[in-house]
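Chain identifiers are assigned alphabetically (A, B, ...) following the order of the sequence lines, protein sequences preceding nucleic acid strands; residue numbering begins at 1 within each chain.
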Amino acid sequence: MEKAYEAKKIEDQIYQTWEKSGFFNPDKLPGKRTKSFTISMPPPNATGTLHVGHAMMLAIQDLLIRYQRMLGKKALWLPGTDHAAIATHAKVERLVLEKENKTRQELGRVEFVKRIEEFVNQSRGTIKSQVRKMGSSCDWSREKYTLDPELSLAVRTQFTKMYNDGLIYRGYRIVNWCPRCHSTLADDEVEYQEEQGKLYWLKYGPFVLATARPETKLGDTAVAVYPTDRRYKSMVGKKYKIPGVLGEFEVVVVADKAVDPKFGSGAIKVTPAHSFIDYEIAQRHHLPFKQIINEEGRMMENCGKYAGLTTREAREAIVADMKNLGLIDHIEDGYDHNLAVCYRCGSLIEPLPSEQWFIDVNKKFKIQNSKLKGIKSGQLISLKELMQKTVKSGQIEIIPERFNKVYFHWIDNLRDWCISRQIWFGHPIPAWYRQRTANSEPRTAKDIYVGVEAPKGDGWEQDPDTLDTWFSSGLWTFSTLGWPKKTKDLDFYHPTTVMETGYDILFFWVARMILMTTYALGDIPFETVYLHGLVRDEKNRKMSKSLGNVIDPLEVINKYGTDALRLSYLIGITPGQDLKLYDEKFVGARNFVNKLWNISRYILESNKAIKPALSPSALLRTDSIERQETRSELQTLADRWILSRLNKTIVQVTGDLDNYDFSAAGERLREFTWGDLADWYLEISKVENGKGEILTQILRTILKLWHPFMPFVTEEIWSKLNGKSGGLLMIENWPVADKKLFSEAAEKDFDLIREIITTIRNLRAENQVAPAKKIKLIIVAGGAEKLVQDQSHLIKFLARVEELELVKKAGKIKTAATAVVNGVEIYLPLADLIDLDKEKIRLVGEVQNLEEYLAGLRNKLANNNFLTKAPAELVQEAKDKAIETEEKIKKLKEQLGVLR
RNA sequence: GGGCGGUUAGCUCAGCUGGUUAGAGCGUCUCGUUUACACCGAGAAGGUCAGAGGUUCGAAUCCUCUACCGCCCACCA
């Protein structure tokens, strides 16, 4: 074995071995497995590259999958990629413009989509190889892409079903429009940026009113006031002629509670076509619409001389003209407000009226085949209620719990979901319209056909729009398993067990999956939602290219190894809490990986030296630690102690992992591995001989326990341990604790010995006794005399003591450094080595410290309320501590007396 | 405007349903070439648990308020 672990040399090869073994496919796993454990991998964008967020989700999910696989379940981790309609569309649009100097319109739809597909095909492999780099043990044989024919069929099937149930409808409504993407956006795809703008106070007929968007005046059809506002009460219902830059126009005054009487003058202009609030007011009062901004974000023909200007340009021009006409009362600077921008491209969103497809979240329908808690088949229920009830009933559990609140609040405010997009890349909407002549009648229901396949006969043309990416993503947990076909996979692996993803896509995706799955299957998509935090840099900033603080996981892998990167994501984190990443973390993790490597190296090599006869096959047969119990090797206290600790660690780690607390699991394991095993037991094995087999057993166990965290190094060590024919660690059984090896007595005794050793080391260090210097030690052990006697070889070896003298009572040792641990008195006669004054000061300090502690205890014990109200065992504990502390003080004082 | 999270050692964070002389890792200091590891070992220093009230025999932990940092939602036109 190399002196230091070199991840780079072996990782790719190990991954290939795993992949070739076929065990990523749960159906190929050995043994009888009856239970499923399924994770649907949140599909990265097909054209993306691995970033810190992906790396985190892969680390967590692979840990869960490897753990469950070892537990004996059919562990399926289904990978795939997403076509990410808008993102990919925008990327290729830019590329085409750069390379061919053409817009997509100039290129034409067919050619443009071809360009996208070429781009996707050529860059799709990148992310997949990077997912492999992380060590992800996902089943590539089941890999899916959201635009695969089967998944497209699922999309069309779902759409048709929902349309037939009346849950999908076509409506003319105001929508979020991104002029850059040339498409609608769902409400949650809109982000807000703060901007310092101006508030324009307009002279508006009989009103003076404030607006941030004076250019929309061209589309005004009303003025709204708060119903009880005295200033305007008499005007409600009346019509007024308003002078404007394009001549007079008429508005009606309406009363509506949506108006805040404290804002501006209490009267607002209503532009139903270009504001959500105004749209809603207009709906309530049956006000006319006047669209003045088109889909390019420019003023329309009906805006006279302003036609063709962008809204920003139009604002300036109109304000200038209004000033000339004396229509501006005044302009207020420094008005902060939020700008709606596209979450993909950052362009300004224009609210526009448009005919689009929507999912009705409030309409009740008859649910079929319900497997949902408290919901019967045939019951009338809305999608919104489904989303609420599945979580409220506890059938779906969200970790951490506090996101329940966030989730419910989002649903409460949910409006109908606009699902049509005017981009060319994506799932075509399975709706066809009867072709009409220019002057045929308005379109009726008869002229629309919705179905899984195109309608038969001529004269139909398909809706040119595509579906929101999240529509197909919403089907992900079951479309990837074969739905709408009734497949074995769907039957066995669905509902999936855990959905592990970032809290940032709780709405985008998690909620949509719940909606889509409960509707389609009458079942939940997953039992548990585990939400991880977002990755930040060391200054708690988001990682972004413009800040230059992006960490590339592949560089980290290259520098420190995949296992180190994974550990950095798994230990020291809390679910739902953002996590900071920086170099020191990777270094620490890499150091631990190397520590494990060297622990193994020591065990393997000392094993070779001590017991050359021990063949790999012999080792394989010793899988049960229980069998060791009767062997001579198990006779020492240290053996009983380490096995007790090991078996308790198994129980704790298993419990932690079952609770999704892998951070705690990792910390416990590290404590055992580095603290107990490496720092103590391995050192002891240098003085207590013949620990070959027991060490090997421990190593085998911790390799298994660590494997889900750091699969590469553990698999590599495993292969060295067992030779080529030894099989893969990946499919070993998860360790089961042997409770017969728990030993409170061994742990208590060993702790005392350990404390004695630590105390001696401390005394040596404080008195600056060179480590190489062998010293004499006098111990008054009291009741622990036999224990100390039996373990004196450990004390001598680990504390570098040459001679240990056990006495009944300490004589007057003038030149000794002294300490008391658990009633055991320790004297180091250091003669000329010791600085007596310093030692006195040290002892006085310690006595003082103890006296303060004792005072606290006595105080407590003098409190009658404590004695009567606190649990008896706590009172007893306090009493014991007080006695022990008194004893200790007494002994230290005696020694102080001797020194004086 | 509504909601959520954070505030514990120099840094990053654990501390669950109240009882530990408040923990870990990193960093710092001292010492160390003991043949697994200097990507290491031994030892140490370092915290009035953001602040103020309250509940309790007992609060980092529960309640109220305040401050600061961060996030989400709604959106005022």
Query raised in the report: Base, sugar-phosphate, or nothing: which does A/Ala340 touch, judged by heavy atoms less than 4.0 Å apart?
Result: nothing
Report task. Can you establish whether the number of heavy atoms outside A/Lys686 located under 6.0 Å from its atom NZ is more than 12? Result -> yes
Query raised in the report: What nucleic acid atoms does A/Leu850 come within less than 4.0 Å of, heavy atoms only: base, sugar-phosphate, or nothing?
Result: base
Report summary line: Looking only at B/G6, B/C39, B/C57, the nucleotide nearest the A/Asn863 side chain is B/C57
Query raised in the report: Side chains of A/Asn598 and A/Asn594: donor-acceptor distance under 3.5 Å anywhere?
Result: yes
Query raised in the report: If you look at every strand shown and take non-hydrogen atoms under 4.0 Å, does A/Arg213 touch a base, only sugar-phosphate, or nothing?
Result: sugar-phosphate
Query raised in the report: Would you say a side-chain N or O of A/Lys860 is under 4.0 Å from OP1 or OP2 of B/G58?
Result: no
Query raised in the report: Is any N or O donor-acceptor pair between the side chain of A/Lys595 and the base of B/C37 shorter than 3.5 Å?
Result: yes
Requested in this report: Examine B/C4: is either OP1 or OP2 under 4.0 Å from a nitrogen or oxygen in the side chain of A/Lys405? Give yes or no.
Outcome: yes
Report task. Assign A/Ala664 to base, sugar-phosphate, or nothing according to its heavy-atom contacts below 4.0 angstrom with the strands shown. Result -> nothing
**Report entry** A/Asp578 CG - B/C4 P separation (whole Å)
**Finding:** 18 Å
Query raised in the report: Does any donor atom in the side chain of A/Lys691 or A/Ser606 lie under 3.5 Å from an acceptor atom in the other side chain?
Result: no
Query raised in the report: Between B/U48 and B/A22, how far is it from one C1' atom to the other, in whole Å?
Result: 12 Å
Query raised in the report: Tell me: CZ of A/Phe403 to P of B/C71, nearest whole Å?
Result: 14 Å
Requested in this report: Please say whether more than 12 non-hydrogen atoms of neighbouring residues, nucleotides or ligands are located less than 6.0 Å from CD in A/Glu401.
Outcome: no
Requested in this report: Would you mind reading off the distance between A/Ile599 atom CD1 and B/G41 atom C1', rounded to a whole angstrom?
Outcome: 13 Å
**Report entry** B/C26: pairing nucleotide in any strand, Watson-Crick or G-U under 3.5 angstrom
**Finding:** B/G10
Requested in this report: Would you say whether A/Tyr853 stacks on B/U21? The test is a distance between ring centres of less than 5.5 Å and an angle between planes of less than 30°.
Outcome: yes
Query - Check against ring-ring contact (aromatic ring centres under 6.0 Å, His included), A/Tyr407 and A/Trp410 - result: CA-CA 5 Å; A/Tyr407 174 82; A/Trp410 181 79; 7.1 Å; no
**Report entry** Separation between the C1' atoms of B/A60 and B/G23, rounded to whole Å
**Finding:** 12 Å
Query raised in the report: With a 3.5 Å cut-off and just heavy-atom distances, do the side chain of A/Asn413 and the base of B/C73 make a donor-acceptor pair?
Result: no
Query - Distance-only donor-acceptor test, A/Glu683 side-chain atoms vs B/A42 base atoms, 3.5 Å - result: no
Query raised in the report: Contact class for A/Leu682 vs. all strands (heavy atom < 4.0 Å): base, sugar-phosphate, or nothing?
Result: base
Query raised in the report: Which part of the nucleic acid, if any, lies within contact of A/Asp260, taking any heavy atom under 4.0 Å across all strands shown: a base, the sugar-phosphate backbone alone, or nothing?
Result: base
Requested in this report: Would you indicate what A/Tyr192 reaches in the nucleic acid, counting non-hydrogen atoms under 4.0 angstrom: base, sugar-phosphate, or nothing?
Outcome: base
Query raised in the report: Any idea which of B/U12, B/C26, B/U34 is nearest the A/Lys585 side chain?
Result: B/U12
Query raised in the report: Taking atom types as they are modelled, is there a donor-acceptor pair under 3.5 Å from the base of B/C39 to the side chain of A/Arg590?
Result: yes
Requested in this report: Tell me what A/Trp674 touches on the nucleic acid: a base, only sugar-phosphate, or nothing, going by heavy atoms under 4.0 Å.
Outcome: sugar-phosphate
Query raised in the report: OP1 or OP2 of B/G58 less than 4.0 angstrom from a side-chain nitrogen or oxygen of A/Lys869, does that happen here?
Result: no
Query raised in the report: With rounding to whole Å, what would you report as the distance between B/U55 and B/U8 at their P atoms?
Result: 27 Å
Report summary line: Of the candidates B/C71, B/U21, B/C76, the side chain of A/Lys881 sits closest to B/U21
Query raised in the report: Can you check ring-ring contact (aromatic ring centres under 6.0 Å, His included) on A/Phe709 and A/Phe662, steps first, answer last?
Result: CA-CA 9 Å; A/Phe709 291 83; A/Phe662 29 82; 7.7 Å; no
Query raised in the report: Honestly, is A/Lys585 close enough over A/Tyr560, meaning NZ or CZ under 6.0 Å from the six-membered ring centre and within 45° of the axis?
Result: no
**Report entry** 5'-most by nearest nucleotide on RNA chain B - A/Asn598 or A/Ile277
**Finding:** A/Asn598
**Report entry** Counter-base of B/G1, judged by Watson-Crick or G-U geometry with both distances under 3.5 Å
**Finding:** B/C73
Query raised in the report: Across the strands shown, which category fits A/Thr758 at heavy-atom distances under 4.0 angstrom: base, sugar-phosphate, nothing?
Result: sugar-phosphate
Query raised in the report: Which listed nucleotide (B/C57, B/C73, B/G43) is nearest to the side chain of A/Phe507?
Result: B/C73
Query raised in the report: Taking atom types as they are modelled, is there a donor-acceptor pair under 3.5 Å from the base of B/A36 to the side chain of A/Lys686?
Result: yes
Query raised in the report: How do A/Gly572 and A/Ile757 order along RNA chain B: which one's closest nucleotide is nearer the 5' end?
Result: A/Gly572
Query raised in the report: Are the ring centres of A/Tyr279 and A/Phe289 closer than 6.0 Å?
Result: yes
Query raised in the report: Would one find a side-chain N or O of A/Arg402 under 4.0 angstrom from OP1 or OP2 of B/C4?
Result: no
**Report entry** Side-chain N or O of A/Asn762 closer than 4.0 Å to phosphate OP1/OP2 of B/A42
**Finding:** no
Query raised in the report: Using purine N1 to pyrimidine N3 plus N6-O4 or O6-N4 for Watson-Crick, or N1-O2 and O6-N3 for G-U wobble, both under 3.5 Å, which nucleotide pairs with B/G32?
Result: B/C40
**Report entry** Value in whole Å for how far the P atom of B/C72 lies from CG of A/Asn338
**Finding:** 12 Å
Query - Touch class at under 4.0 angstrom, heavy-atom based, for A/Asp679 against every strand present - result: sugar-phosphate
